[in-house]
Structures are given as C-alpha cells and as structure tokens.
Protein chains: 2
Amino acid sequence: MPDPQELERVLRAAGLRVTRPRLAVLHAVHDHPHVDTDVLIGAARARLGTVSHQAVYDVLQVLTERGLVRRIQPQGSVARYEARVGDNHHHLVCRSCGVISDVDCAAGAAPCLVPWAGESPAHPDFLVDEAEVIYWGRCASCAARPAVSDTDRPAAQRGTP
Amino acid sequence: MPDPQELERVLRAAGLRVTRPRLAVLHAVHDHPHVDTDVLIGAARARLGTVSHQAVYDVLQVLTERGLVRRIQPQGSVARYEARVGDNHHHLVCRSCGVISDVDCAAGAAPCLVPWAGESPAHPDFLVDEAEVIYWGRCASCAARPAVSDTDRPAAQRGTP
DNA sequence: GCCGCAATGTTGACTCGTTCCAGGAAAGCG
DNA sequence: CGCTTTCCTGGAACGAGTCAACATTGCGGC
C-alpha cells in the first residue's frame, strides 16, 4: 500500500517514464499479490477506466525486466506477479486450491541456499545466483476438509482468497 | 537405460496396462531426461513409427500421477519430464542456455526443507509435503563467454546438450 | 486359446494465455 | 517545443495443452 508518489519515484529510479498505466499496474500488483494478468488488467481498469490488455502485458514485462515486480508461475498455473522484490522470499503453494502465500527466507540474501555444502560439488563452475524454493502442500482450509479424493490436484488455479 | 522388461514390470506395478505408447514414452523419458513433450513425442515416434500427440500427453499425465515420472517446469520453460523419482533431488537451471542438471538433495527425504525452523510459523496449519528447489545461475560454458549482454535471459529454452 | 468389456489410442478441432503487428494518437521529459 | 517513448485499437497468430467421439487393444475370465 505505497502512496502514488512513492510508486512514481520507484519508476523514475528504474529509468522509466511515469505513465498512468504503469502507475495503475504497479499499484494493482501491490494491492493484489499473486494474481494473474487478467485480474491485474481488471484492477488497472478499475483505476483508470480503460487500459488495453497489451499495455498491461507491456508494462508487466518492463517492470519485471527492471526488477520492480517479480513474475512467478508455479506448475500448472498461469503467470502471476508480486511486488515484493529484493528480499528473496519464497512461496507456499496449496496443491488443491492453488493459493500462494509468502514465506520469509531464513537466510535473507540470495542465494539463500547453495546446492553443495562443502567442496567438490557435482557441478563445479556452475555459478548459482539464486535458489528458488516452492513449498508444496495443503493450506489450512483445504487440509480441513479431508481431501475430496486422493488424486485431486487440479493444479494451481486462480484467486487469492 | 532400463531394459524393456523392467519398464513393463514398473507399469504393471503401478496398476497400468502395458501398451506400446507407454513403453515408448517411458523409455524416452529415461533416455532423455529434462526434455519437453515435443522431444518426447519425437523419441516415442522414433521407437514406434507413429504415436498421436495426445497419447503422449495422456501417458505423461498418467505416469506423472502414478509417480513414475516427474514433471518439472522452470519459469519460462514448457513442461519437461524426468524419470528420476522418489529421491527428491533438485535442479540447476542455466539462465542463459536453459540446461537443466540434477543436484542431489543433501537431506534425502521429502520435504528436505521446511519453511520455518522452530515453532510459531507464519502459516500454521499449512501442511508442507515437498520443497521444490531450483538453483538459478549460469552453467560452465555460458559462464565462460562473458555474457552477450547483461540482460540476456532468454528464459529456459529447449535442449539438453 | 477365445471373448468381451473397460481402458487406451486416434483424429481433428478447439481453448486459452500470451505475444506480435502496424499505424496513428497521446503524452513524458529534456 | 519537439523528439521519442509509450499507448491505443483491433486484429491475428502462436504454441502448449485439452476435449470429444469413435476405433483399437490389453487382459481377466471362460
């Protein structure tokens, strides 16, 4: 919930022109973390009246490039965006309803985790700069009702209840 | 490189009928770890002459469900499959060429990692059953040539060189 | 060995998220 | 003020994946 001025500053700092669509999309991403492009388009339109869908796609791409938003896309889900960047946090994804929640990274800085503990790794020369972690499981409410069937994994879906 | 008989046994053990497409796909996944569906279709066809693409999609889905293969899908990449299952290993993905390599998991059993160390997690009641880790970086050969540009991240692409 | 049914495979059209295109209008910013 | 970036309208294309209806084929039972 950053104020418009702050967002404007962030855009300028990234070397981007400050335009209404960009502010709207940026705001939307802050307001609704982990939602897909469709929802963002909706949110941006709610704020501006009209924005073309490719303006939004464009903006998202540019913001992602500049590191102002982060694109995430768990298995079977469409692209989702979040505004929390730079703190290298991870995600919890519910296998049955698809909700995504943030989890702070214990270590803090990236890469918070390295693939090999000591020396002589299986892949020397591979320069790891980030460890992306997705925790799969069942969220509280899905865990409550005892699984419709054992094989109900309709893949991550829409919505951030 | 398991022999056909072994694969057949595995299929039966999973309660699946043994059919040519299934054997072919299973074999292909063993032969070519980390490749996408297209390549697998090609490999299966090379072995059988003809297989419809949904037969392959179907088979992959069923095999994934039964845990005979594992589906992986790093950001910006299409679905890929591998036959190493049950050992909860992780992956190294090269940002510039997209190669995927396996890394053994230090812990062994899933979930090898839990999101919160001690008690009082931010998300109690969320039952984590698996921690999926992707290490992003640059592979040896891409690290060698000093980055075509600083923003060259064409997302994970095809091929397992 | 042979039958019959349910599980699989085939075919071809189709969905859906996403990207690309092009020409003209609008609007930032130096 | 003028140049350049960005946006718009509105298509059209794209590729991975899915659906549906019909043909085929494993495999347990006879």
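Residue numbering restarts at 1 for every chain, and letters A, B, ... go by the order of the sequence lines.
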*Between atom CD in E65(A) and atom C1' in dT19(C), what is the gap in whole Å?*
14 Å

*Whole-Å distance between dT10(C) C1' and R20(B) CZ?*
16 Å

*Which part of the nucleic acid, if any, lies within contact of R71(B), taking any heavy atom under 4.0 Å across all strands shown: a base, the sugar-phosphate backbone alone, or nothing?*
sugar-phosphate

*At under 4.0 Å, does any side-chain N or O of T19(A) touch on OP1 or OP2 of dC7(D)?*
yes

_Let's see if you can work this out: which of dG10(D), dG17(C), dC27(D) has an atom nearest to the side-chain heavy atoms of V78(A)?_
dG17(C)

*asked:* Students often get this wrong, so: under 4.0 angstrom with heavy atoms, is Q61(A) touching a base, only sugar-phosphate, or nothing?
replied: nothing

*Inspect the contact between D38(A) and R80(A) and indicate whether a charged nitrogen and a carboxylate oxygen are less than 4.0 angstrom apart.*
no

*Of the listed nucleotides dA16(D), dT6(D), dT9(D), the one nearest the side chain of L16(A)*: dT6(D)

_I'd like to know if R17(A) reaches the base of dT6(D) with its side chain such that a donor and an acceptor end up less than 3.5 angstrom apart._
no

*Contact class for V62(B) (heavy atom, under 4.0 Å): base, sugar-phosphate, or nothing?*
nothing

*asked:* With no hydrogens and no angle check, just 3.5 Å: does a side-chain donor-acceptor pair link D104(B) and H90(B)?
replied: no

*With sugar-phosphate meaning primed atoms plus P, OP1 and OP2, does R22(B) contact a base, only sugar-phosphate, or nothing at under 4.0 Å between heavy atoms?*
sugar-phosphate

*Per Y57(B) side chain, nearest of listed nucleotides dA16(D), dG10(D), dT19(C)*: dA16(D)

*When you check the side-chain N and O atoms of E82(B) and H91(B), is any donor under 3.5 Å from an acceptor?*
yes

_Nearest to the T37(A) side chain among dG17(D), dC21(C), dT18(C), which nucleotide is it?_
dT18(C)

_Side-chain N,O (R12(B)) to OP1/OP2 (dG26(D)) below 4.0 Å_ = no

*Is a side-chain donor-acceptor pair under 3.5 Å present for R138(A) with S96(A)?*
yes

